[in-house]
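In what follows, a single structure is set out as structure tokens and then discussed.
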Amino acid sequence: LRDSSRVIALSRMEAEQYKAMGVPEEKIAIIPNGIDLSEYADLPPKGSFKKKFNMNENEKIILYLGRIHRIKGIDVLVKAFADVVEKLDDVRLVVVGPDDGYLGELKALVKALRMEDKVLITGPLYGEDKLEAYVDADIYVLPSRYETFPMGLLEAYACGKPVVASNVYGLKGLVVDGVTGFLVEQGDVKQLAHSMLSLINSDGGAKEMGLKGKRFVEKNFAIEE
């Protein structure tokens, strides 16, 4: 590379890949994806999503929003949610996103665990409909086996929601453990269930984490930067 040249990486994972290819570290610039926060300045009123899907207004919502693919760890989430339901009755798991080859297995797992009335699968949502899901959610969960740079997590932050995510490359740099949410070991059903319960049962703790997540995304990932 010439002295004035740089390799642009969207994540630290990409930066490590370039370094492994022999690119000097000083020649690598990390410029992550950004989020247009103006789109989250005027959020829909709370309760719109629950009303649209005939949910009890007092129900707690654990939200997964992303592709329905095994790599996203949705099977781990459903199993952990089964543990949550044993201890907390008024809670619903909402799965939002397009099928990427795993929807049939997801539905079969939900049925096997006898949680059809506890898991709502909406399909993909866009625009105002997607924002309504974020607004009514209590926590956002992303238990992926592998990630690069998930925009859904930034969107959840922008809506003031705390996050529970896998401690994998691509996520551990986006979740400040114990501050904006919790990191859990990938595939650990019990730890995931415990973290979700801790947030749902917290007296104001989840809301405070959500506000810190909002400040975190404003400081680090605004599109202007």
So does Phe49 get a backbone contact from the side chain of Asp136, meaning a donor-acceptor N/O pair under 3.5 Å? yes
Applying the ring pair (Phe, Tyr, Trp, His ring centres under 6.0 Å) criterion to Phe221, which one of Tyr40, Phe149, Tyr157 satisfies it? Phe149
Is it the case that one hydrophobic cluster holds both Ile223 and Leu37, taking links as side-chain heavy atoms less than 4.5 Å apart, direct or via other members? no
Does any part of the side chain of Val141, heavy atoms only, come nearer than 4.5 Å to the side chain of Leu192, both counted from C-beta? yes
Should Val110 and Lys107 count as side-chain neighbours, where that means a heavy-atom distance under 4.5 Å? no
Going from CG on Leu154 to SG on Cys159, what distance comes out if it is rounded to the nearest 0.5 angstrom? 11.0 Å
With a 6.0 Å cut-off (strictly less than), is the heavy-atom count around CD of Glu25, excluding the residue itself, greater than 12? no
Checking Lys214 now: which residues fulfil side chain to side chain contact (heavy atoms under 4.5 Å, CB included) with it, not counting sequence neighbours? Glu218
Pair Glu105 + Arg70, salt bridge at N-O below 4.0 Å: no
According to a 4.5 Å side-chain heavy-atom criterion applied to Ile, Leu, Val, Met, Phe, Trp and Tyr, with indirect links allowed, do Leu211 and Leu43 form part of one hydrophobic cluster? no
Go through the steps for Glu147 and Lys72 under the test salt bridge (charged side-chain N to carboxylate O under 4.0 Å, His left out), then give the verdict. CA-CA 8 Å; Glu147 277 292 351; Lys72 296 293 188 176; 2.6 Å; yes
Lys79 NZ to Asp188 CG distance, which is reported to the nearest 0.5 Å: 12.5 Å
Suppose we screen for side chain to side chain contact (heavy atoms under 4.5 Å, CB included). Which residues come up paired with Tyr146, at least two apart in sequence or across chains? Met13, Ile71, Thr148
Is atom NZ of Lys111 surrounded by more than 12 heavy atoms (other residues, nucleotides or ligands) closer than 6.0 Å? no
How many angstroms lie between CZ in Arg92 and CG in Asp138, if you round to the nearest 0.5 Å? 13.0 Å
Under the side chain to side chain contact (heavy atoms under 4.5 Å, CB included) test against Lys130, which residue among Thr122, Val96, Val135, Leu65 passes? Leu65
Write down the atom of Ala133, the atom of Leu63, and the distance for their closest heavy-atom approach. O-CD2, 3.9 Å
Tyr140 vs Tyr134 aromatic rings, parallel, tilted or perpendicular, using cut-offs 30° and 60°? tilted
Of the non-hydrogen atoms in Pro45 and Ser48, which two are nearest, and what is the gap between them? O-OG, 2.9 Å
Exactly one of Glu185, Lys172, Gln191 should register a side-chain hydrogen bond (donor to acceptor under 3.5 Å, both in side chains) with Asn167. Which one does? Glu185
Ala193 versus Ala80, closest heavy-atom pair with distance: CB-O, 3.5 Å
Return the set of residues passing side chain to side chain contact (heavy atoms under 4.5 Å, CB included) with Val91 (not counting sequence neighbours), or none when no residue passes. Lys60, Ile62, Phe81, Val84, Val85, Leu88, Ile200
Quick one: salt bridge (charged side-chain N to carboxylate O under 4.0 Å, His left out) pairs with a partner in residues 34-44, sequence neighbours left out? none
Other residues, nucleotides and ligands only: do more than 12 of their heavy atoms fall within 6.0 Å of NZ on Lys190? no
Shortest non-hydrogen contact between Pro162 and Ala206, atoms and distance: CG-O, 3.5 Å
Glu116: salt bridge (Lys or Arg N to Asp or Glu O under 4.0 Å) partners, not counting sequence neighbours: none
Asn54: which residues meet the side chain to side chain contact (heavy atoms under 4.5 Å, CB included) condition with it, sequence neighbours left out? none
Any chance you could lay out the side chain to side chain contact (heavy atoms under 4.5 Å, CB included) test for Asp89 and Lys118, step after step, and finish with the verdict? CA-CA 9 Å; Asp89 181 58; Lys118 286 294 187 178; 3.7 Å; yes
Between Ala137 and Lys161, the two heavy atoms sitting closest are O-NZ, 2.9 Å
CD1 (Ile35) and CD (Glu155) are apart, to the nearest 0.5 Å, by 5.5 Å
Hey, is CD on Glu26 packed in by over 12 heavy atoms from elsewhere, all under 6.0 Å? yes
Looking at Leu153 and Ala165, what are the two nearest heavy atoms and their distance? CD1-CB, 4.5 Å
Decide yes or no for Val76 and Ser166: does some side-chain heavy atom of the first lie under 4.5 Å from some side-chain heavy atom of the second? no
A quick test of your reading: do over 12 heavy atoms of other residues, nucleotides or ligands sit less than 6.0 Å from NZ of Lys51? no
Let's go through Met209 and Phe182 carefully: what are the C-alpha distance in whole Å and the side-chain angles of both, what is the deciding distance for side chain to side chain contact (heavy atoms under 4.5 Å, CB included) to 0.1 Å, and is it a yes or a no? CA-CA 10 Å; Met209 280 188 170; Phe182 293 119; 3.7 Å; yes
Test Leu106 against Val119 for side chain to side chain contact (heavy atoms under 4.5 Å, CB included), laying out the working first. CA-CA 10 Å; Leu106 170 62; Val119 180; 5.7 Å; no
Please walk me through it: do His194 and Ser198 pass side chain to side chain contact (heavy atoms under 4.5 Å, CB included)? CA-CA 6 Å; His194 176 75; Ser198 295; 3.7 Å; yes
Cationic N near anionic O, under 4.0 Å, Arg145 to Asp75: yes
Do Tyr64 and Val94 touch side chain to side chain, with heavy atoms closer than 4.5 Å? no
Please report the interatomic distance CG(Leu93) to CE(Met115), rounded to the nearest 0.5 Å. 7.0 Å
At what distance, to the nearest 0.5 angstrom, does NZ of Lys50 lie from CG of Leu120? 12.0 Å
